[in-house]
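I have placed the structure first, in the form of structure tokens, so that the comments after it can refer back to it.
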Amino acid sequence: MSDYIPQEIEPKWQQKWEADGLYHADIDPSRPKHYALTMLPYPSGDLHIGHWYAMTPSDARARFMRMKGYNVMFPIGFDAFGLPAENAAIKDGIHPKIRTYQNIERMRKQLRSMGAMWDWRREAISSDPEYYKWTQWFFIQLFKHGLAYRKLAPVDFCPKCNTTLAREQVWGEDRHCERCGTPVIKRELEQWFFKTTAYAEDLLNYEGMDWPERVRVLQTNWIGRSEGAEVTFITEAGDPIVVFTTRPDTLWGATFMVLAPEHPLVDKLTTPEQRAEVEAYKLQAARQSDIDREAADKEKTGVFTGGYAINPVNDERIPVWIADYVLMTYGTGAIMAVPAHDERDFAFARKYGLKVVPVIQPEGEPLLNGDTMEAAYVGPGRMINSGPMDGTYVSGKGHNDPGMQKVIAWLEERGLGKKAVSYKLRDWLISRQRYWGAPIPMIFCRTCGWNPVPEADLPVLLPEDVEWRPTGESPLKLHPTWKNTTCPVCGGPAERETDTMDTFMCSSWYHLRYLSPWYHQGPFDPKEYDYWMPVDTYTGGIEHATMHLIYTRFFHKACRDMGITKGREPMIQLRNQGMVLGEDGEKMSKSRGNVVAPDDLVAKYGADTVRAYLMFFARWELGAPWSYTGIEGVARWLRRVWTIISEPAKPAICSDETKRILRRRVHQTLRRVTRDFEQFEFNTIVSSLMELLNEMSKAKEAGASGTPEWNEAVDIYLRMLAPVCPHIAEELWERTGRTYSVHTQSWPSVDEEAAREEQIVIPIQVNGKLRDRIVVSADATEEEIRAAALASEVVQKFTQGQPPKKVIIAQKKLVNVVV
RNA sequence: GCCGAAGUGGCGGAACUGGCAGACGCGCGCGACUCAAAAUCGCGAGGGCUUAGCGCCCGUGUGGGUUCGACUCCCACCUUCGGCACCA
């Protein structure tokens, strides 16, 4: 018998599996398909332990599904565009393309060392022209269907680096530049948007999706649906001001209006006397960084415009103010202020001495008085001071409330307002004033405006000879010739869009490119699509709940409506892993010096040990701190697996009892491991395998090795081990004289008869406290169990010869005697 | 402030539908092997009391409740973590 040397067997098998195409997944209509997907990695240059933690259990699950008889596709690729490569380039001058492809090369090797069942033929890299050609093509389809549009929007700008920044490059409470630490400022730029808001309602529907509740809640909050009404006020000059409110029932209590400082009607409303003050306030609000506006407990400020509007329900003349607590980006950028029933409006009214009129009276309370109220009343009650609506009961919010329905119907009849829904979700800003991304395939012509690049001319190649050092402009704009082109409509001279796309655009459809990265007639081969889609199991970090996972759902739905994809959703089942922390319990970081390097672990223990430890040491969805001593325990277990299974049998006599117990344990473990794989409970899979090995070790001591029962135990053990530790399972499979490969074997089925216990131990409680245990035959009747329990000496001691008040027999699990 | 998740030995965690709390592993202690150590193997262990015989009491963040029986269900609270944050 030789020693277990993973460093020898692992590369050997990896090469053989690859040479044999063992993990190639091809269309096979005769078998059920399973598309297993793990979130595609960014090529940062080194595979982090977090990648291992995310990917190896996904791989194990995919392998399990394969053994269960599914035709499993498990692809991999790289999210290769993006800021880190460009920032590194700015620092050390290495071209982002060179660095990215070097990193990819390195990470491919590291990914191979996992021994995962990737089908490398399906690899897709988002920065390949053959990939981003289709990213651009999708942009054009969205544009053609009115789902991509251009508008002026603020961006973060670093005055020191002289460049615009993406949201994720702005850090900390003071919102500073991630590179130089300078606080960022706002700048207005014309940019491209996707109409994610058009899908807000559809995105709230999770029907048929097996997604964690947590993610659904995060997305639901992010989309932020509120029901209410839009009501039109008219200024004294006759201009309509539309407001959105969730409380149309409080309309009679609207005693002033507030516009966002950027609201287009502000100038017109402002009287000459107020002009100077209004202008000063607008300027101050524009200069304010987001953080100032975000502080919720900040004292409210505002300025009277001098203008008035008419409250349409009672013809009251009410003043119009501007204040930065009203956001131009939500609702209509204007509100009706009901100080008696809204905390913010109340604070504002008290500060500036504005009128407070209660219109909702809580039942059974003294009548509210607008002059003496100390806080806004936001609860349910009966409408008062509300003319025709007086006496109507309203509960608060939502279209379902009958009072609310009555008010909205009344408004609609008179053309004063209408039922409306508002969302916090904003349209997706996809323009980046950056170099290392897919160029936005649009052309601007002075006479014809914006038009897409003809599809035959795709891809719009990203030029390599570009000055990427920051100047405050998009790097592509500074290229001497690149942007010059001709208008696809009139043929005259025109300019290309010089911004690039947000990389979330690339990752919104990579699961489709994996289907057929070799395909040239479209983004994917429809035959592959029809067989493999949707993704059956998607795994990745929770941090993408409100970014990638919303974008990719939007993308799929938009494509469905454009006739490109099918089905409601791209990913049916989602599971999130947690995070591996440093040994100190803190997030891993170079500065803390607590980073765990998987390459070193693989060199020391082998990939199988690393894989098994990562599945064993924590609940997958929670994660836990790393432990260098913990991994030793798993290494010890695999050495024992090796020894116990490959060590030759010693001739010995084995009792039938030993053999029976061995079979029972094997099939009981199989039952549990099967269930745990189905439920993503990887930690108990490993611990069950450890327990079974302990049982096998005892059985072997008792002479079981060499028996058919032992042979079956080894057979099932290696099949259960194969998804977790593919190399050692394959090696032992071969060494025990079995035919290649363990990974093409089917998952064993449980022999329920063998798994059945013959005798069961039943705990006996007296008054709910454990007092004794009895052993009965597994098919004992309830009466037999009762008799045995009452016959127990310990129970006798408690009953003192008296008949018990009650005897509870819980299936065959427990007896509780109540005296 | 609002929304969500989680609190179990020295540590990571286990406990299926309300039925023996602490599986498995780490660490720890004792023992075997060894000149010795490492490796390996075996045994022990939640805390406390104990007349040392078994036994008894306490114990899953805290306090209540439901139940024959609660880590599990309900109510209130505390702590930690995550998300959102003037969203009208």
Side-chain angles (χ1 to χ4, degrees), chain A residues 212-222 224-226 228 243-247 250 254 258 260 293-298 300 323-327 329-338 341-345 347-348 422-426 542-543 545-546 578-579 585 613 616-619 621-634 636-637 639-640 643 671-672 675-676 679 681 683-694 697 701 761-773 794 797 804-819:
Chain A
E213 174 76 15
R214 198 170 155 214
V215 175
R216 299 205 309 258
V217 168
L218 282 171
Q219 291 201 347
T220 301
N221 292 344
W222 184 261
R225 183 182 199 274
S226 1
V243 301
F244 173 77
T245 176
T246 56
R247 295 295 305 272
T250 63
V258 187
R293 282 182 80 152
E294 272 169 16
D297 51 353
K298 189 192 76 164
K300 308 245 174 305
D324 64 6
Y325 81 90
V326 175
L327 310 173
T329 47
Y330 180 77
T332 61
I335 63 160
M336 65 175 205
V338 184
H341 304 292
D342 181 281
E343 284 166 24
R344 294 153 303 177
D345 298 344
F348 195 81
S422 188
Y423 302 92
K424 285 204 275 184
L425 183 73
R426 314 272 161 91
I542 186 87
E543 67 276 14
T546 53
M579 214 193 301
Y613 180 61
F616 174 69
F617 87 119
R619 259 161 70 184
E621 70 276 20
L622 293 182
W626 176 264
S627 160
Y628 285 101
T629 50
I631 194 175
E632 294 283 350
V634 171
R636 214 149 26 227
W637 163 60
R639 280 197 294 271
R640 264 165 54 82
T643 309
R671 184 158 60 198
R672 166 132 207 205
R675 190 196 76 196
D676 289 352
Q679 300 176 359
E681 286 168 9
N683 54 341
T684 47
I685 290 171
V686 177
S687 60
S688 297
L689 290 174
M690 287 173 168
E691 275 183 274
L692 180 58
L693 188 74
N694 293 342
S697 171
E701 287 301 308
V761 177
I762 296 184
I764 309 297
Q765 295 184 340
V766 178
N767 294 334
K769 280 200 166 77
L770 179 71
R771 296 297 179 186
D772 198 10
R773 293 186 174 84
V794 182
K797 204 173 80 191
K805 273 190 201 140
K806 205 171 179 183
V807 179
I808 289 122
I809 300 171
Q811 294 111 27
K812 284 177 183 173
K813 285 184 187 152
L814 178 140
V815 175
N816 190 9
V817 179
V818 184
V819 296

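Proteins get letters first, then strands, A, B, ... in listed order; numbering begins at 1 in each. Source: prediction; values computed, not measured. Heavy atoms only: backbone and side chains are in, while hydrogens, waters and symmetry mates are out.
Across B:rA15, B:rA88, B:rC24, the shortest atom-to-atom separation from the side chain of A:Arg672 is found for B:rA15. Of the listed nucleotides (B:rG19, B:rC84, B:rG82), B:rC84 has the atom at the smallest distance from the side chain of A:Lys424. Nearest to the side-chain atoms of A:Arg636 among the listed nucleotides B:rC86, B:rU40, B:rA15 stands B:rU40. Counting only heavy atoms from C-beta on, A:Arg619 has its side chain closest to B:rG13 among B:rC26, B:rC68, B:rG13. The side chain of A:Glu681 sits closest to B:rA15 out of B:rG12, B:rA23, B:rA15. Which of B:rC26, B:rC3, B:rU40 sits closest to the side chain of A:Val217 comes down to B:rC3. Distance from the side chain of A:Thr684 is smallest for B:rA15 among the nucleotides B:rA88, B:rA15, B:rC68. Side chain of A:Phe616, nearest nucleotide from B:rG12, B:rC20, B:rC86: B:rG12.
Dense packing is recorded around CD of A:Gln679, with more than 12 heavy atoms of other residues, nucleotides or ligands lying under 6.0 Å away.
Across all strands shown, A:Ser422 has no heavy atoms under 4.0 Å from either base or sugar-phosphate atoms. Within the nucleic acid shown, A:Asn694 comes within 4.0 Å of sugar-phosphate atoms alone, with no base atom in reach, counting heavy atoms only. Using a 4.0 Å heavy-atom cutoff across all strands shown, A:Ile808 reaches at least one base atom of the nucleic acid. A:Gly578 comes within 4.0 angstrom of no nucleic acid atom, judged by non-hydrogen atoms across all strands.
Going from atom CH2 of A:Trp626 over to atom P of B:rC26 covers 14 Å, rounded to whole Å. Distance, A:Asn816 CG to B:rC68 P: 10 Å, rounded to whole Å. Between the P atom of B:rA85 and the CG atom of A:Leu425 lies a distance of 12 Å, rounded to the nearest Å. Regarding A:Glu213, its CD atom lies at a distance of 7 Å from the P atom of B:rA5, rounded to whole Å.
Mapping A:Glu691 and A:Ala624 onto RNA chain B via the closest heavy atom, the residue that lands nearer the 5' end is A:Ala624. Between A:Arg640 and A:Arg771, the residue anchored nearer the 5' end of RNA chain B, judged by the nucleotide with its closest heavy atom, is A:Arg640.
Note on A:Ser688: every side-chain N or O is 4.0 Å or more away from OP1 and OP2 of B:rC24.
The shortest non-hydrogen separation linking A:Tyr628 to A:Ile631 is O-CG2, 3.2 Å.
Atom-to-atom distance recorded for A:Glu681:CD and A:Ser687:OG is 10.5 Å, nearest 0.5 angstrom. For the atom pair A:Arg216 CZ and A:Leu218 CG, the distance stands at 11.5 Å (nearest 0.5 Å).
You'll find the ring centres of A:Trp626 and A:Tyr613 inside the 6.0 Å limit.
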